Amino acid sequence: MENILKEKLWFYIIHNNPDLMFTLQEEYSVMDYLNEKVNAVKSIMEDMLSEGTPQYIIEEICLNVLTEDLKPSRFLYICSLLEEEFEDTYATFSKSGILRYEVINLMESCREIFETIGFTKENEEDPTLRNAVIGQIADYLS
């Protein structure tokens with residue numbers, strides 16, 4: 001089950017936090033990261049196994065715990081804003097195969113905004129955050 005959790009966590013990271021994926025790959029620390037994260041939920045997993053909890057429920061609960069600190073996804077947030085507010089640019093990036101890389105660059109460009117205003121599940125819809133990020137995307141693209 002540990003290997004399944006590692007695979008699912010890695011899949012989640014690839015699709016929701018590719019910036020982390022690239023960092024872990026550059027540092028050759030993918031397995032260390034995955035092992036450390038899965039080890040952190042071992043006791044939860046073992047307790048549920050001993051209680052006879054079905055495997056799919058254990059996986060879902062453990063994956064939610066494993067990904068809690070990776071949510072909300074700045075990558076998906078910027079992708080969404082780019083698609084909504086800068087449709088032509090989004091389409092161009094997507095067609096040319098550079099969307100992921102450009103969104104990661106935009107994440108770096110918006111880092112100060114995310115750190116100053118904060119980026120949590122609670123303020124993900126905050127118009128101040130949205131407008132600040134849109135402004136930064138416009139600056140980046142010009």
Side-chain angles (χ1 to χ4, degrees), residues 1-49 51 53-142:
M1 184 176 304
E2 289 177 33
N3 287 333
I4 291 170
L5 286 174
K6 289 175 193 175
E7 288 174 16
K8 288 186 175 192
L9 176 57
W10 186 242
F11 184 82
Y12 180 89
I13 290 169
I14 289 169
H15 294 283
N16 296 281
N17 304 86
D19 55 318
L20 175 60
M21 175 193 73
F22 287 125
T23 300
L24 292 172
Q25 288 176 332
E26 286 174 359
E27 297 172 357
Y28 299 100
S29 59
V30 172
M31 288 312 296
D32 291 340
Y33 179 86
L34 296 175
N35 288 332
E36 182 179 318
K37 293 286 280 187
V38 170
N39 283 338
V41 297
K42 256 187 178 175
S43 63
I44 296 169
M45 185 173 51
E46 290 169 357
D47 289 346
M48 289 191 290
L49 279 171
E51 294 168 358
T53 307
Q55 183 172 335
Y56 73 94
I57 293 175
I58 296 171
E59 289 173 12
E60 184 176 338
I61 289 170
C62 287
L63 195 59
N64 282 334
V65 172
L66 291 170
T67 59
E68 186 62 34
D69 62 334
L70 302 174
K71 297 175 186 172
S73 168
R74 292 178 183 188
F75 177 82
L76 295 179
Y77 183 74
I78 290 177
C79 259
S80 174
L81 289 179
L82 193 61
E83 185 175 21
E84 292 169 18
E85 302 294 328
F86 305 91
E87 293 174 37
D88 293 339
T89 302
Y90 179 88
T92 300
F93 287 170
S94 187
K95 286 178 188 171
S96 63
I98 61 169
L99 178 64
R100 178 177 293 216
Y101 299 102
E102 287 298 338
V103 171
I104 290 171
N105 289 336
L106 282 165
M107 288 170 62
E108 184 59 36
S109 180
C110 295
R111 179 184 302 273
E112 190 173 322
I113 294 168
F114 285 125
E115 290 174 358
T116 302
I117 297 175
F119 186 63
T120 62
K121 290 178 188 175
E122 291 76 30
N123 77 341
E124 201 172 358
E125 301 297 322
D126 182 344
T128 304
L129 174 65
R130 179 183 172 87
N131 292 333
V133 172
I134 288 171
Q136 186 61 38
I137 291 171
D139 286 349
Y140 175 86
L141 296 174
S142 60

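Because the structure is predicted, anything quoted here is derived from the model rather than measured.
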In this structure, CG of L70 is separated from CG of N16 (nearest 0.5 Å) by 8.5 Å

Within a 6.0 Å radius of atom CD on E115, are there more than 12 heavy atoms belonging to other residues, nucleotides or ligands? yes

What residues, two or more places apart in sequence or in another chain, satisfy side chain to side chain donor-acceptor pair (under 3.5 Å) together with K95? none

C110 versus V133, closest heavy-atom pair with distance: SG-CG1, 3.9 Å

For L141, what residues pass the side-chain contact (heavy atoms from CB on, under 4.5 Å) criterion, not counting sequence neighbours? L82, F86, T89, F93, I137

Can you list the residues that meet the side chain to side chain donor-acceptor pair (under 3.5 Å) rule with Q25, with sequence neighbours excluded? none

State the CD-CD1 distance between E46 and I58, to the nearest 0.5 angstrom. 10.5 Å

Which residues share a side-chain contact (heavy atoms from CB on, under 4.5 Å) with T23, sequence neighbours left out: E27

Let me confirm one number: the CH2-CE distance from W10 to M31, rounded to the nearest 0.5 Å. 10.0 Å

Minimum-distance pair of heavy atoms, taken over all atoms of I14 and P18: O-CB, 3.8 Å

Considering residues at least two apart in sequence or located in another chain, which fulfil the side-chain contact (heavy atoms from CB on, under 4.5 Å) criterion with N105? E102, Y140

At their closest point, which heavy atom of R100 faces which heavy atom of F75, and how far apart are they? O-CE1, 3.9 Å

Just how far is it from atom CD1 of I78 to atom CD of Q136, taken to the nearest 0.5 Å? 9.5 Å

Can you measure from CG (L34) to CG (L66) and round to the nearest 0.5 angstrom? 9.0 Å

Under 3.5 Å, is there a donor-acceptor pair between the side chain of S80 and the main chain of L76? no

Straight-line distance of N39 CG to L5 CG, nearest 0.5 Å: 11.0 Å

Of all pairs that satisfy ring-ring contact (aromatic ring centres under 6.0 Å, His included), the ones with a partner from residues 108-138, not counting sequence neighbours: Y77-F119, F114-F119

Please find the pair of heavy atoms, one from I117 and one from A132, that lie closest to each other, and give the distance. CD1-CB, 4.0 Å

Checking V65 now: which residues fulfil side-chain contact (heavy atoms from CB on, under 4.5 Å) with it, not counting sequence neighbours? V41, I44

So the salt bridge (Lys or Arg N to Asp or Glu O under 4.0 Å) pairs with at least one residue in residues 127-139 (sequence neighbours excluded) are E84-R130, E85-R130

For E2, give me all partners under salt bridge (Lys or Arg N to Asp or Glu O under 4.0 Å), at least two apart in sequence or on another chain. K42

How about OH on Y101, more than 12 heavy atoms from neighbouring residues, nucleotides or ligands closer than 6.0 Å, or not? no

Going by the rule side chain to side chain donor-acceptor pair (under 3.5 Å), which residues pair with E108 if we only count those two or more places apart in sequence or in a different chain? R111

Please list, chain by chain and in numerical order, all residues satisfying side chain to side chain donor-acceptor pair (under 3.5 Å) with N123, sequence neighbours excluded. T120

M48 and C62: which non-hydrogen atoms are nearest, and at how many Å? CE-SG, 4.1 Å

Which atoms form the tightest heavy-atom contact between Y12 and K71, and what is the distance? OH-CG, 3.2 Å

Quick note, salt bridge (Lys or Arg N to Asp or Glu O under 4.0 Å) partners involving residues 3-20, not counting sequence neighbours, are K8-E59

Under 3.5 Å donor-acceptor, T67 side chain and L63 backbone: yes

